[in-house]
Amino acid sequence: MIKAVRGTRDILPPDSALFQFVEAQAREVFRLYNFQEVRTPIFEDTQLFSRSVGEETDIVGKEMFTWEDKARAQSEKAQSLTLRPENTAGVVRAYIEHGLGDKGQLQKLYYMGPQFRRERPQKGRYRQFYQIGAEVIGPASAGSESPARDAEVIEMLAMLLDRVGIKGWTLLLNSVGCANDRGKYNEALRAALKDVVGQMCADCQRRAETNPLRVLDCKVPEDQPTIEKLPKISEYLDEPCRENFAEVKKILDAVGVKYELNERMVRGLDYYTRTTFEFTHGGLGAQSALLGGGRYDGLSEMLGGPKAPGIGFALGLDRFVLALQSEASGAQVQSAVSAYIAPLGAGMNAAAAKLARELRAQGVALELGDESFRLKKSFEAAERTGAKFVVIVGENEVKADTFAVKDIKSGEQKTIPRSELAKTLGGR
RNA sequence: GCGGAUAUAGUUCAGCGGUAGAACACCGGUCUGUGGCACCGGCUGUCGUGGGUUCGAAUCCCACUAUCCGCCCCA
């Protein structure tokens, strides 16, 4: 048997309805905040990711699905291609390629779709996973650099979580400063670690060399006191970054979105600057991050584009669904059809089909049975579809042009003329 | 990439060297136009894959693969 490959999966009903639900809520929230959809390719030039996400990150270093696309003609060049591991790089590439900033206005773009990373699969972690994300990007003159945009994006996410019905979330907030601050902070960290790293865990000893920021992410209890004493990023922010962050917090306070400052929240993509954030949830096991994002001033320039500061986020759709399912209350998906048409007796399929067509045209969602079923079987089949009513189409009904409509739950049955059926069944 | 656990019917699982089972689910009948109950009957498997040990392997051994839980990383 051929099976879905490692880390990929089929999303079947009824779970697929939950995915649709979250997607629909997201589209509605995006509409309220004036975001429009962008769809970028699922694979891109490998360099797009190595230059934006960062050559030294885990994502680029070991998790990408990359292949060499061979030249098939003299005029073609061989090219290294990669399945997108995230979508911000693709959106910024499209922004540059189509000159979206040329008219001077702010771009507010959202996307939904699969992303690919070659990690070991686990609960809430797949090799093909689904993200919904958005970016606010544009020339600085359009206000793209304003802390008001950071706060608006974060507030929008709180709104989305509320609408979807996910309750037990925590917002972690930090500022990692601009490129300049980060350099100084990294040096300071290295210097401070030099003396104490000997007593820390093996992972931290490695991190101290490769990426000192990651030490802050360590979860080994014995290391915590040491980490507490390390220099803090907030002490290394320059004045503009400090003011920017203060303004973000001020607005969040004003709109009543609660957050926890977490100076140790370090994100794994190199392009982040200033504001970074993460929403976490307890029902997700080891993969506690529901969504994450931050500002990426400088990313456009890294990709050869104009100056175009921006802020964005990506949320894990798979994890949203897991969180919904872990909060038993939330995951209510209503039944799809309102009625089940039960043709009764030989020759009734045609009459039932005609009636079903009329009713569906009037907006009634229907399931259609078969004339070979006995009534008993039709009722059972109707119940399984979740339909509210069964409409019996037998010889008597067709002759009289009135139909027996039975409420499945109460057992109550009425005779309804054809002209009023749609209304009874909840159509137009 | 590292550590641990698991893999038998559609599902949950039992069987732990001697003819592959239970429950639930599903299908049919009792019951040809009014179900959900009850009773009766029935179906379903390369026992994850490949090797090995043995007269004989679902069972013991080895390798592989997949899933789950951690680590790592991130959404």
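Within every chain, numbering begins at 1; the chains are lettered A, B, ... in the order of the sequence lines, protein sequences first and strands thereafter. Please read these numbers as outputs of a predicted model, since none were measured by experiment.
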Stacking of A/F379 on B/G36 base (centres under 5.5 Å, planes under 30°): no

Sugar-phosphate, base or nothing in reach of A/F279, heavy atoms under 4.0 Å: nothing

Centroid-centroid under 6.0 Å between A/Y272 and A/Y296 rings: no

Phosphate contact (B/C74 OP1 or OP2) by A/R125 side-chain N/O below 4.0 Å: no

Whether A/R31 side chain and A/Q36 backbone form a donor-acceptor pair below 3.5 Å: no

Distance in angstrom units between A/L213 CG and B/C74 P, rounded: 11 Å

Other residues, nucleotides, ligands: >12 heavy atoms within 6.0 Å of A/R357 CZ: no

Sugar-phosphate, base or nothing in reach of A/L291, heavy atoms under 4.0 Å: sugar-phosphate

Base B/U34 paired with A/Q413 side chain (donor-acceptor, <3.5 Å): yes

N or O in side chain of A/R118 less than 4.0 angstrom from B/C73 OP1/OP2: no

Listed nucleotide nearest any side-chain atom of A/K406, set B/G33, B/C73, B/U34: B/U34

Separation of B/C74 P from A/L315 CG (nearest whole Å): 18 Å

Presence of A/K377 side-chain N/O under 4.0 Å of B/G28 phosphate oxygens OP1/OP2: yes

Per A/K376 side chain, nearest of listed nucleotides B/U67, B/C72, B/U30: B/U30

Short side-chain N/O contact to B/G70 OP1/OP2 from A/Q122, under 4.0 Å: yes

Length of the line joining A/L216:CG and B/C73:P, which is rounded to integer Å: 11 Å

Flag if over 12 foreign heavy atoms under 6.0 Å of CZ, A/R264: yes

Rounded distance (Å) that lies between atom P of B/U34 and atom CG of A/N396: 11 Å

A/R374 vs B/U34: side-chain N/O to OP1/OP2 distance below 4.0 Å: no

Sugar-phosphate, base or nothing in reach of A/E412, heavy atoms under 4.0 Å: nothing

Touch class at under 4.0 angstrom, heavy-atom based, for A/R117 against every strand present: base

Involving RNA chain B, stems made of at least three consecutive Watson-Crick or G-U pairs, both distances under 3.5 Å: B:1-7 with B:65-71, B:10-13 with B:21-24, B:26-30 with B:38-42, B:48-52 with B:60-64

Nearest listed nucleotide, side chain of A/E395, among B/C26, B/G33, B/U67: B/G33

Touch class at under 4.0 angstrom, heavy-atom based, for A/L290 against every strand present: sugar-phosphate

Sugar-phosphate only, base, or nothing, as touched by A/R6 at under 4.0 Å among non-hydrogen atoms: sugar-phosphate

C1' spacing across the pair B/C74 / B/G45, given as an integer number of angstrom: 40 Å

